[in-house]
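Presented below is the structure to which this report refers.
When reading the values below, keep in mind they use all heavy atoms of this one structure, side chains included, and skip hydrogens, waters and symmetry mates. Chain identifiers are assigned alphabetically (A, B, ...) following the order of the sequence lines, protein sequences preceding nucleic acid strands; residue numbering begins at 1 within each chain.
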Amino acid sequence: MAEAATKQTPTQAMIGSLEMPQGGWTEAARKDALSRVQAVGLPQRRDEYWKYTRPDTLVQPTPEAASLRSIEEAALFDSTDRLRIVFVDGVFDADASDELALEGIRIERLAEATSDLHWARDLYGTLETRGQTPVARPLAALNTAFARDGVLIHVTGTPSKPVNIIYRRTSETADAMLHHVVKLDAGTELTVLENGPVAARFNAVLEVEVADTATFHHVRAQGRDHEQRAATHIFTRLGTESTFKSFTLTANGAMTRNDCVIELTGDDATAHVAGACVGDGPDFHHDDTVFITHDAVNCESRQVFKKVLRNGATGVFQGKILVKAGAQKTDGYQISQSLLLDEDSQFLAKPELEIYADDVACSHGSTSGAIDEDALFYLRSRGVPEGPATDLLTLAFLAEAVAEVENEDLREEITGQMAAWLERHAA
Amino acid sequence: MLSIKGLKVKLKDEDKQILKGVDLEIEAGKVHAIMGPNGSGKSTLSYVLSGKDGYEVTGGTAALEGIDLLDMDPEERAAAGLFLAFQYPVEIPGVGNMTFLRTAVNAQRKARGEEEMSAADFLKEVRARAKDLKIDAEMLKRPVNVGFSGGEKKRNEILQMAMLEPKMCILDETDSGLDVDAMKLVADGVNALRTQGRGFLVITHYQRLLDHIKPDVVHIMSDGRIIKTGGPELALEVENNGYTDILAEVA
Ligand SMILES: Nc1ncnc2c1ncn2[C@@H]1O[C@H](COP(=O)(O)OP(=O)(O)OP(=O)(O)O)[C@@H](O)[C@H]1O
Ligand SMILES: [Mg+2]
């Protein structure tokens, strides 16, 4: 048997290192997810879907250590009135969190949601499962099987303030896995904010069911944790006339893979997903992978991704718009751009369109460019030193992605955060 | 104020000599005009003085108040008091005009060891100066020069000059694109600074601007050299007869 153990596949090794929570309403979903992981296996370097991003550090049983020195976290969303839910090293911290009560929503922790007839029962793992075709996302299935905690939010009204999931990291080795589920009833509205460094390694799933005419906003700042590794997944399904808008700010992280899978299933729905990323150094690797399926009439989807890369950083964008037969009047837009501040940095983009309807307007574009030398000289000729002038142009480049954040206060917080990060680097 | 001696400049990437020995002395409070045929090297002179990349100085010197300019970064030259109003102002999408101006003003103050201007003071100042130049508030909010008309861009250059209060101003064809009224406004701005002892180098093709800003000295540049220097009457001669006679005279 000892012989056999050494011949374990990486998938078996990973599964063997994890412990599945037993019993309760999630059990069936967890078992199903486990069998799906076993069937497809965890991502490997040769997988087409992992062509530009090496999954190695995400699938090994023990995460690479991430020193605490590598965290440079400035306070964010502090000026926003919000309900705070704090996780430290992936573990819920009741003392640091607000009371989990807010008019218009029902909110609780996955670890404590024991009732058998739970509202999330039909959702947990469901959207994740749907998001496995046509491309498998085994790390998300692994999460469904083994996540010990997360936040479950049932939105029945329109709460007065956003829910802020705050992550803090105090361990150099913590391996966090969290699974959040949000269900918005028809006509409701919710904003979820996420920020902070999570753990040495983080595997996240966020499933969002947006019913007819409901609106979901998501603004996330993945922290400036230089050594963290993360694989995050968003799965959402949109009903008629509903809206989903997600924005992510990333500044560093040794490895980040953000998957976003959006299904527009009701007519006249709108989905926007955007990202601004500041990557610095040869250890930085950031991958945005988006898959949007239009399966209803007159829906709009929009992807805006901007990456600033310097000192040998790598950025990846894989974005696909699939327009199914019958999804007429689809309006799909996708832009991914990188600003390469030196020749060692690289941006790899794979934009894809697959269209089976004839009355659609889809456009996509991808560019890579250096800083505009004329603009830089213009600024310097007015007395702005090269560093700050570059920062100003960098922020201007990212502004188009940040503009996707609808709320002006949040937009300003994000812009301020980016400016602070750039400035500190210059110092 | 500005002292240029035997300045020779070639393109960095090409074996092309553009300035072939330029001598120029501009005293405080004086306005010098440079005229000359297209391609004679006037803009190149302004770029080299302000530190643009792509040129290589192969001889000569340029100093502002005795300090060598050619070794400095563009931002250092600006902080030392040099200002260039661009022939073709650059559009910078995503950077607000106000942010840009304020960053520039405070960067220069910081470089000179002065206190930064508060947001309120800055706003007051910029509004007043903009009003003088008939630049409306909406233009201040827009990204730098983006979507500005030709004349608006030029007025925006003069607004920057007014805010930065440089010692030595180079105006590269600021008059082109300006309507008659705007030209008068710009000239008023220049004349106000001139009385404070600033130096000016005004590059132009036309007499009209010089009607409003009376130059003390007029130079004619041709093929990378200043071939003739005279008083305001020289500009009138160019206006009336073109360059043919002057070029023939020196040849
Ligand atoms: N970066 C460059 N690359 C190639 N040629 C250049 C460059 N900069 C200047 N030149 C050339 O140098 C010469 C001088 O150009 P410059 O712009 O200084 O002329 P100018 O006197 O300002 O002309 P105008 O009156 O048309 O503005 C021209 O022949 C121009 O083509
Ligand atoms: Mg010129």
Sub-4.5 Å side-chain heavy-atom contact between [X] and [Y]:
X        : Y        : value
A:Ser381 : B:Phe86  : yes
A:Tyr378 : B:Asn145 : yes
B:Tyr88  : A:Asp374 : no

Which one of B:Pro74, B:Pro143, B:Ala107 has the most heavy-atom pairs closer than 4.5 Å to chain A?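 Ranked by heavy-atom pairs under 4.5 Å with chain A, first place is B:Pro74.
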Among the options B:Pro89, B:Gly94, B:Ala80, B:Pro93, pick out the one with the most heavy-atom pairs lying under 4.5 Å from chain A.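 Answer, by heavy-atom pair count under 4.5 Å with chain A: B:Gly94.
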Might you confirm whether atom [atom1] of [X] has over 12 heavy atoms from other residues, nucleotides or ligands at distances under 6.0 Å?
X        : atom1 : result
B:Lys8   : NZ    : no
B:Gln196 : CD    : yes
B:Arg112 : CZ    : yes
A:Lys161 : NZ    : yes

Heavy-atom pairs under 4.5 Å with chain B are the metric here; pick the option from [options] that has the most.
options                                : value
A:Glu386, A:Glu373, A:Arg380           : A:Arg380
A:Ala399, A:Ala403, A:Ala396, A:Ala389 : A:Ala396
A:Leu379, A:Leu398, A:Leu395           : A:Leu379

Over all atoms of both residues, closest heavy-atom pair of [X] and [Y]:
X        : Y        : result
A:Arg382 : B:Ala85  : NH2-CA, 4.2 Å
B:Ala104 : A:Val384 : CA-CG2, 3.8 Å
B:Gly51  : A:Phe377 : C-CE1, 3.6 Å

For B:Val105, which atoms come within 4.5 Å of any heavy atom of chain A: side chain, backbone, both, or neither?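 Looking at B:Val105, nothing touches chain A.
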B:Asn106, part contacting chain A, at a heavy-atom distance under 4.5 Å: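 Answer is neither: B:Asn106 stays 4.5 Å or more from chain A.
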